[in-house]
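Sequence lines set the chain letters: A, B, ... in the order given, protein chains first and strands last, and positions in each chain run from 1. The model shown is predicted, which means the values in this text are computed figures rather than measured ones.
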There are 4 protein chains.
Amino acid sequence: MRFSIDTSNGVPIYEQIVRQVTFAVAEGVLVSGQMVPSVRQLSTTLAINPNTIARAYQQLQSDQVLESLRGRGLVVRADAAPRCDAARQAILADRLRSVLSEALHAGLSTEQLREMFEQQIQNL
Amino acid sequence: MRFSIDTSNGVPIYEQIVRQVTFAVAEGVLVSGQMVPSVRQLSTTLAINPNTIARAYQQLQSDQVLESLRGRGLVVRADAAPRCDAARQAILADRLRSVLSEALHAGLSTEQLREMFEQQIQNL
Amino acid sequence: MRFSIDTSNGVPIYEQIVRQVTFAVAEGVLVSGQMVPSVRQLSTTLAINPNTIARAYQQLQSDQVLESLRGRGLVVRADAAPRCDAARQAILADRLRSVLSEALHAGLSTEQLREMFEQQIQNL
Amino acid sequence: MRFSIDTSNGVPIYEQIVRQVTFAVAEGVLVSGQMVPSVRQLSTTLAINPNTIARAYQQLQSDQVLESLRGRGLVVRADAAPRCDAARQAILADRLRSVLSEALHAGLSTEQLREMFEQQIQNL
DNA sequence: GTGGTCTAGACCACC
DNA sequence: GTGGTCTAGACCACC
């Protein structure tokens with residue numbers, strides 16, 4: 001799988017990695033038993049501090065997405081896919097809800113929002 | 001105008017104040033020449049340190065939304081409304097874009113997104 | 001004499017009044033024995049707080065430019081003109097020196113400065 | 001780069017730092033990608049409170065002169081040099097304009113000003 | 001009364 | 001280690 005890190009959007013790097021792995025499992029890009037790149041390897045390909053990678057992998061383990069196979073590395077857990085799918089849905093719905101809520105509080109109408117939605121989605 | 005501060009959502013307090021003033025000017029709740037509450041007054045009503053209020057007002061001045069009448073207080077600048085409206089639009093569109101972009105990268109379809117959008121907007 | 005107050009250039013209002021009176025005496029626009037407008041009158045014509053005017057006049061008295069004639073008001077002192085002329089020269093030379101010094105420290109050459117000088121003086 | 005702070009000239013300390021960094025980038029003394037001293041380090045070498053340094057660096061970020069590499073420090077932005085050069089030019093021209101304007105209003109002739117200019121520039 | 005600046009010191013996330 | 005935010009409290013010029 002490919003990672004894309006944006007160091008300037010305020011989202012912590014380790015969080016971006018956690019999400020991208022979670023989403024990849026949800027989509028089936030990463031499947032049960034598949035290994036993820038080693039801390040060292042990912043650290044050099046992304047030019048990111050190894051501690052940051054390690055922290056992301058640590059959280060993915062406590063999220064029960066990855067597990068450590070002694071001496072071999074980290075792999076996707078057998079039961080991770082549905083959990084990741086649920087997590088993906090929840091994370092995205094929540095972020096969407098929060099943006100919409102702020103926009104409504106800022107005085108935009110539902111119609112203006114729908115317009116903005118269509119406009120943004122066409123630009124992507 | 002009324003302010004509502006949420007100290008637990010990660011958004012800096014001064015930033016929340018900046019946004020709320022900007023949005024209020026965009027909506028016409030605050031109009032040109034109108035004074036904003038004094039640093040000390042807002043500080044006591046919100047139970048927030050005066051420095052934090054001052055920082056928000058400082059940024060609103062460099063954003064050209066407020067201007068200082070020395071020794072008297074801060075007022076909304078004559079030409080602030082369109083600037084604030086544009087800022088509001090830009091901030092919200094950007095946040096929406098970022099959510100949608102992440103959702104698409106996470107594998108959701110445009111149709112799924114549209115569904116999620118309608119669902120979230122009805123719950124608000 | 002006419003006063004012009006700029007409330008947005010950072011120079012305190014009372015200071016602007018002090019300087020304008022001083023310069024007017026230096027130029028001969030105000031002459032010895034001539035009365036200056038009363039605090040109350042100047043306050044209303046300039047729409048400025050009377051305390052601010054009073055403060056300016058206080059300083060002009062301690063600068064020995066004005067003197068108070070009991071019950072009649074403030075007039076230009078007999079010996080004020082040369083003092084004001086010297087003050088004007090000193091104030092302006094000092095401000096010029098300070099700008100030039102900063103520009104040189106900022107890396108501009110004498111030639112660039114001379115250019116800038118001619119350009120600015122033509123625009124005035 | 002070296003900083004020199006004058007705490008007695010009325011110009012706020014953070015503003016002096018902002019200007020010195022801006023001018024250094026304009027001159028090429030600081031180049032794109034180069035790190036500026038850390039808040040704590042500059043704070044101790046200048047014997048200035050870290051908050052004051054942070055405030056200057058904050059403004060330099062909103063001026064798009066510096067950018068933050070989270071957890072690592074602050075560097076000069078890729079496109080900062082022309083912006084800084086323009087800012088330097090604008091700041092100095094404006095200060096010069098303001099001095100000349102005041103001098104003309106004070107009754108000096110263009111010729112007297114030119115004389116004063118040459119005199120001051122030789123003494124520096 | 002008003003805002004503006006500064007110090008001191010704490011706590012935080014991130015690398 | 002890095003910057004970012006916030007509190008507490010002081011002092012200032014100005015109105």
Side-chain angles (χ1 to χ4, degrees), chain A residues 5 7 10-17 43 46-56 59, chain B residues 5 7-8 10-17 35-43 46-62 66-75, chain C residues 5 7 10-17 43 46-56 59, chain D residues 5 7-8 10-17 35-43 46-62 66-75:
Chain A
I5 300 299
T7 58
V11 181
I13 294 172
Y14 78 91
E15 183 66 32
Q16 295 184 44
I17 295 170
S43 153
L46 295 179
I48 297 270
N49 190 301
N51 289 330
T52 304
I53 313 289
R55 178 168 178 182
Q59 180 165 342
Chain B
I5 300 299
T7 57
S8 69
V11 181
I13 295 170
Y14 77 88
E15 185 63 34
Q16 295 184 45
I17 295 170
M35 284 187 84
V36 292
S38 84
V39 168
R40 284 161 177 86
Q41 182 190 328
L42 194 53
S43 156
L46 295 179
I48 298 278
N49 190 286
N51 281 328
T52 303
I53 313 289
R55 178 169 181 182
Y57 282 175
Q58 205 83 31
Q59 182 169 337
L60 284 161
Q61 283 180 79
S62 76
L66 300 182
E67 69 181 326
S68 164
L69 304 183
R70 272 173 316 168
R72 306 216 283 110
L74 296 164
V75 299
Chain C
I5 300 298
T7 57
V11 182
I13 294 171
Y14 77 92
E15 184 65 33
Q16 295 183 44
I17 295 170
S43 154
L46 294 179
I48 296 270
N49 191 302
N51 288 330
T52 306
I53 313 287
R55 180 168 176 183
Q59 180 164 342
Chain D
I5 300 299
T7 57
S8 69
V11 181
I13 296 171
Y14 76 89
E15 186 63 35
Q16 296 183 45
I17 296 171
M35 284 187 85
V36 292
S38 84
V39 168
R40 285 162 177 86
Q41 183 190 327
L42 193 53
S43 155
L46 294 179
I48 299 278
N49 189 286
N51 282 329
T52 303
I53 313 289
R55 177 170 183 182
Y57 281 176
Q58 205 83 30
Q59 182 169 337
L60 284 161
Q61 282 179 80
S62 76
L66 299 183
E67 69 181 325
S68 163
L69 303 183
R70 272 173 315 164
R72 305 216 282 112
L74 295 164
V75 299

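The shortest non-hydrogen separation linking D/Val75 to D/Met35 is CG1-CG, 3.4 Å.
One atom, OH of C/Tyr14, and another, P of F/dC15, lie 9 Å apart when rounded to the nearest Å. Atom CG in B/Asn51 sits about 12 Å away from atom P in E/dG4, given to the nearest Å. Rounded to whole Å, atom P of F/dC15 lies 8 Å from atom CZ of C/Arg55. Rounded to whole Å, the distance from CD1 on B/Ile13 to P on F/dG4 is 17 Å. For the pair B/Leu69 CG and F/dC15 C1', the interatomic distance rounds to 11 Å; values are reported in whole Å. We find that CD of D/Glu67 is positioned 15 Å from C1' of F/dT2, with the value rounded to whole Å. Counting to the nearest Å, the C1' atom of E/dG9 and the CD1 atom of D/Ile48 are 17 Å from each other. Distance, B/Gln58 CD to F/dC6 P: 15 Å, rounded to whole Å.
Considering only side-chain atoms of B/Thr52, the nucleotide from F/dC6, E/dT5, E/dC14 that sits closest is F/dC6. Between F/dC6, E/dC15, E/dG4, one nucleotide has an atom nearer to the side chain of B/Ser68 than all others, and that is E/dG4. Ranking E/dG3, E/dC14, F/dT7 by closeness to the B/Leu74 side chain, first place goes to E/dG3.
Side-chain atoms of D/Gln58 and B/Gln58, non-hydrogen and from C-beta on, never get closer than 4.5 Å to each other. B/Tyr57 is listed as a side-chain neighbour of B/Pro37, based on a closest heavy-atom distance under 4.5 Å.
Nucleic acid contact for B/Tyr57: none, since no nucleic acid atom lies under 4.0 Å from a heavy atom of the residue. If you check every strand for non-hydrogen atoms under 4.0 Å, A/Asn49 touches sugar and phosphate atoms only. The residue D/Gln61 sits close only to the backbone: its heavy atoms come under 4.0 Å of sugar-phosphate atoms, none of a base. The residue B/Glu15 sits apart from the nucleic acid: no heavy atom pair falls under 4.0 Å.
Of the possible polar contacts, none joining the B/Ser43 side chain to the B/Asn49 backbone as a donor-acceptor pair under 3.5 Å is found.
The base of F/dG3 sits with one of its N or O atoms less than 3.5 Å from a complementary donor or acceptor on the side chain of D/Arg40.
Where B/Gly71 and D/Arg72 each meet DNA chain F at their nearest nucleotide, the meeting point lying more 5' is that of D/Arg72.
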Inset, instruction - With pairs defined as Watson-Crick or G-U wobble and both distances under 3.5 angstrom, please note down DNA chain E as a dot-bracket string, | for pairing with another strand. - result: ||||||||||||||.

